[in-house]
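Let me begin by presenting the structure, written as structure tokens, before commenting on it.
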Amino acid sequence: HNLHRRLVMMRDEDDVDVLVHCGDASNRGTPEVMRDVDEWFGEQAAGRCLFVPGNHDVTMHSSLMRAQWFRFLSREPEEPVQFKNATVLR
């Protein structure tokens with residue numbers, strides 16, 4: 001729920017093969033927060049990053065986004081956020 005920046009960042013010497021984040025990286029799934037989560041993944045010293053979006057990560061689910069957008073966000077919908085620094089598992 002938007003706490004990713006509070007986590008201790010991994011260092012190169014930690015020798016992490018895979019980082020997995022499972023669900024609810026945000027409170028409301030705003031595109032701005034989801035893009036920040038993707039940037040955070042890019043800052044981690046892991047061989048591979050995997051992300052499983054939760055029900056709060058609305059802008060990661062195109063069908064959920066269409067159905068729930070105005071419930072969470074009071075502006076026109078955008079395209080679903082595409083991650084560059086993590087593989088998104090749906």
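These values consider heavy atoms only, across backbone and side chains, with no hydrogens, waters or symmetry-generated copies.
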(request) Any chance you could measure K84, atom NZ, to R35, atom CZ, to the nearest 0.5 Å? (result)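 With rounding to 0.5 Å, NZ (K84) is 9.5 Å from CZ (R35).
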
(message) Can you tell me how far apart NE2 (H56) and OG1 (T30) are? Round to the nearest 0.5 Å.
(response)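 Here the interatomic distance stands at 13.0 Å.
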
(request) Return the minimal non-hydrogen interatomic distance between H4 and A25, and the atom names on each side. (result)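 In terms of heavy atoms, the two residues are closest at ND1-O, 4.1 Å.
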
(message) To check you understand the geometry: which heavy-atom pair defines the closest contact between Q82 and D38, and what is its length?
(response)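 Smallest interatomic distance, heavy atoms only, reads O-OD2, 4.4 Å.
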
(request) Would you check if N85 and Q44 make a side-chain contact, meaning some heavy-atom pair closer than 4.5 Å? (result)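 Answer no - side chains too far apart.
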
Any chain of hydrophobic side-chain contacts (each under 4.5 Å) joining [X] to [Y]?
| X | Y | value |
| --- | --- | --- |
| F83 | V33 | yes |
| W40 | V52 | no |
| V18 | L89 | yes |
| V37 | L50 | no |

(request) Say whether, by atom type as modelled, one donor and one acceptor occur between the side chain of D57 and the main chain of S26 under 3.5 angstrom. (result)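 Checked: pair present.
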
